[in-house]
Amino acid sequence: MAVNAALGVALVAGAFWAYETLSGPDTTTAANASVRSVPVQQGTVTKTVSADGTLESASTATASFETGGTVTAINVKVGSVVKKGQVLAKVDPADAQRTLDAAETDLDAANDALDRAEDAGSDTSTAENEVAQAQDAVDDAQAGVDGTVLKAPMAGTVTAVNGTLGSSSSGSSSSSSSSGGSSSGGGSSAGGGSSSTTSSSSSSSSGFVEIADLTKMQVGADFAEADATKLKEKQVAQVTWNALSGTTATAKVTAIDPSGTTSNSVVTYGVTLTLDKVPTGAKVGQTVSVSVTTGSKENVVYVNSAAVTTVGTRHTVTVVANGASEARQVEIGLEGDAATEITSGVTVGEQVELKTTSTSSGSGTTGQFPGGGQFPGGGTGNFGGGNLGGGGGPR
């Protein structure tokens with residue numbers, strides 16, 4: 001009996017050892033808080049907000065014929081650099097010229113009628129009105145002839161030609177112009193043809209020829225609702241190119257949309273930033289990252305933001321001196337991206353605790369005994385095909 005009992009204890013101990021040794025490891029992750037000290041420093045604290053954006057021309061123009069007709073000449077192509085007033089294209093002027101010739105004939109007849117009335121001493125008011133109307137018709141007809149020649153409304157680079165030789169171009173009698181994201185009074189291109197000059201961020205029209213000023217670039221970006229409230233005109237920004245490795249440029253905020261745009265329940269505000277200098281290789285349509293400085297203070301006392309504990313309006317840091325820790329209340333100023341300004345409570349050079357959280361992996365034990373047994377178990381567990389603690393052995 002005693003021998004059997006001793007044997008059972010030995011078997012259980014051996015089984016437990018085999019279970020711990022042979023079972024597979026169960027990896028668990030635990031969060032370990034580590035504490036180190038960092039010094040209170042003096043320097044610059046900066047706060048920024050960021051967004052992705054697209055490179056655009058600061059000024060674009062769309063030029064369309066004022067007089068419709070069959071296109072007989074196109075003098076430019078995509079990539080052509082043009083001057084203001086340069087001829088871009090023409091349509092057949094035959095119909096417009098016939099209209100002008102007829103209007104001039106009517107004006108000559110009206111003038112003859114006025115001369116006869118004056119010579120006869122008759123009332124000339126009716127004749128004078130007919131002359132004025134005929135003159136207006138001539139002016140309109142002349143504008144129609146001029147409108148068969150399309151001229152560049154601004155200097156720049158041709159970015160699109162939306163027509164071909166022999167195609168029909170419809171005329172347009174209205175024009176408007178704006179630049180840099182804001183609209184201004186209407187204007188027409190030099191010579192013939194109507195035009196619309198706009199900021200590329202707001203232009204959606206398509207003319208016969210489209211022109212962009214590629215020497216003056218801007219960035220259009222959509223900022224999150226909370227970040228947009230911190231933006232103001234003339235704030236400085238850093239622009240980084242995604243496609244041009246190592247390429248950056250400075251810019252300034254020049255316009256902020258007064259109303260937001262909602263997409264998938266997310267509100268964003270469009271912001272326009274003008275580049276101070278266009279980097280080599282920059283092209284319209286490239287994607288960029290924008291970081292706008294919304295706050296900056298120089299020569300101030302600061303600590304790593306992770307060292308500050310805030311409860312309500314109370315801010316504290318843990319000061320370490322001579323191996324002892326002391327919680328000390330502080331007053332803060334600008335809360336930057338990585339550092340927080342301290343206006344009172346600590347001095348430069350003091351050490352404060354900076355708590356960091358790290359994860360470590362440990363090994364647990366799970367699994368089953370060899371042979372399909374489980375532990376601990378009574379009479380039903382099998383170990384190597386035998387029975388543990390279930391009887392059946394010799395007594």
Undergrad: So, taking the atom named CG in Asn304 and the one named CG in Leu354, what distance separates them when rounded to the nearest 0.5 Å?
TA: 5.0 Å

Undergrad: Could you check whether any side-chain N or O of Thr105 sits under 3.5 Å from a backbone N or O of Asp101, counting only pairs where one atom can act as donor and the other as acceptor?
TA: yes

Undergrad: For Lys47, does its backbone N or O pair with a side-chain atom of Glu335 as donor and acceptor, under 3.5 Å?
TA: no

Undergrad: Using atom types as modelled and distance alone, determine if a side-chain donor or acceptor of Asn162 lies under 3.5 Å from a backbone N or O of Gly207.
TA: yes

Undergrad: Pairing donors with acceptors under 3.5 angstrom, does anything connect the side chains of Ser305 and Thr340?
TA: yes

Undergrad: Taking the side chain from Ser122 and the backbone from Glu118, do they hold a donor-acceptor pair closer than 3.5 Å?
TA: no

Undergrad: Out of curiosity, Thr46 OG1 to Lys297 NZ, how far, rounded to the nearest 0.5 Å?
TA: 12.0 Å

Undergrad: Cut-off 3.5 Å, side chains only: do Gln286 and Asn242 have a donor facing an acceptor?
TA: no

Undergrad: Quick check: does any side chain N or O of Asp123 sit under 3.5 Å from a backbone N or O of Ser125, one acting as donor and the other as acceptor?
TA: yes

Undergrad: Would you give the length of the straight line joining atom OG of Ser169 to atom NZ of Lys90, rounded to the nearest 0.5 angstrom?
TA: 15.0 Å

Undergrad: Going by atom types only, do Thr72 and Asp92 share a side-chain donor-acceptor pair under 3.5 Å?
TA: no

Undergrad: With distance as the sole test, does Thr274 use its side chain to make a donor-acceptor pair with the main-chain N or O of Gln218 at under 3.5 Å?
TA: no

Undergrad: Quick check against the 3.5 Å criterion: does Asn111 have a side-chain atom that pairs as donor or acceptor with the backbone of Leu107?
TA: yes

Undergrad: Say you draw a straight line from CG of Leu334 to OG1 of Thr343; how long is it, rounded to the nearest 0.5 Å?
TA: 11.5 Å

Undergrad: So, taking the atom named NZ in Lys216 and the one named CG in Leu275, what distance separates them when rounded to the nearest 0.5 Å?
TA: 13.0 Å

Undergrad: For residues Glu210 and Thr60, is any side-chain donor paired with an opposing acceptor at under 3.5 Å?
TA: no

Undergrad: Hey, are Arg314 and Glu331 close enough for a salt bridge, meaning a charged N less than 4.0 Å from a carboxylate O?
TA: no

Undergrad: For residues Asp146 and Gln142, is any side-chain donor paired with an opposing acceptor at under 3.5 Å?
TA: yes

Undergrad: Ignoring hydrogens and angles, tell me if any N or O in the side chain of Glu130 forms a donor-acceptor pair with the backbone of Ala127 under 3.5 Å.
TA: no

Undergrad: Side chain to side chain contact (heavy atoms under 4.5 Å, CB included) for Thr250 and Val239? Distances and angles first, verdict last.
TA: CA-CA 6 Å; Thr250 56; Val239 180; over 6 Å; no

Undergrad: When rounded to the nearest 0.5 angstrom, what is the spacing between CE in Met154 and CG in Asp213?
TA: 5.0 Å

Undergrad: Take Phe223 and Val49 through the test side chain to side chain contact (heavy atoms under 4.5 Å, CB included) and record every step on the way to the result.
TA: CA-CA 8 Å; Phe223 280 80; Val49 294; 4.0 Å; yes

Undergrad: Just by distance, do the side chain of Glu341 and the backbone of Thr44 share a donor-acceptor pair under 3.5 Å?
TA: no

Undergrad: For the backbone of Lys83 and the side chain of Gln86, can you confirm whether one donor and one acceptor N or O come within less than 3.5 Å of each other?
TA: yes

Undergrad: Just do the side chain to side chain contact (heavy atoms under 4.5 Å, CB included) check on Thr347 and Val301 with the steps written out, would you?
TA: CA-CA 7 Å; Thr347 58; Val301 177; over 6 Å; no

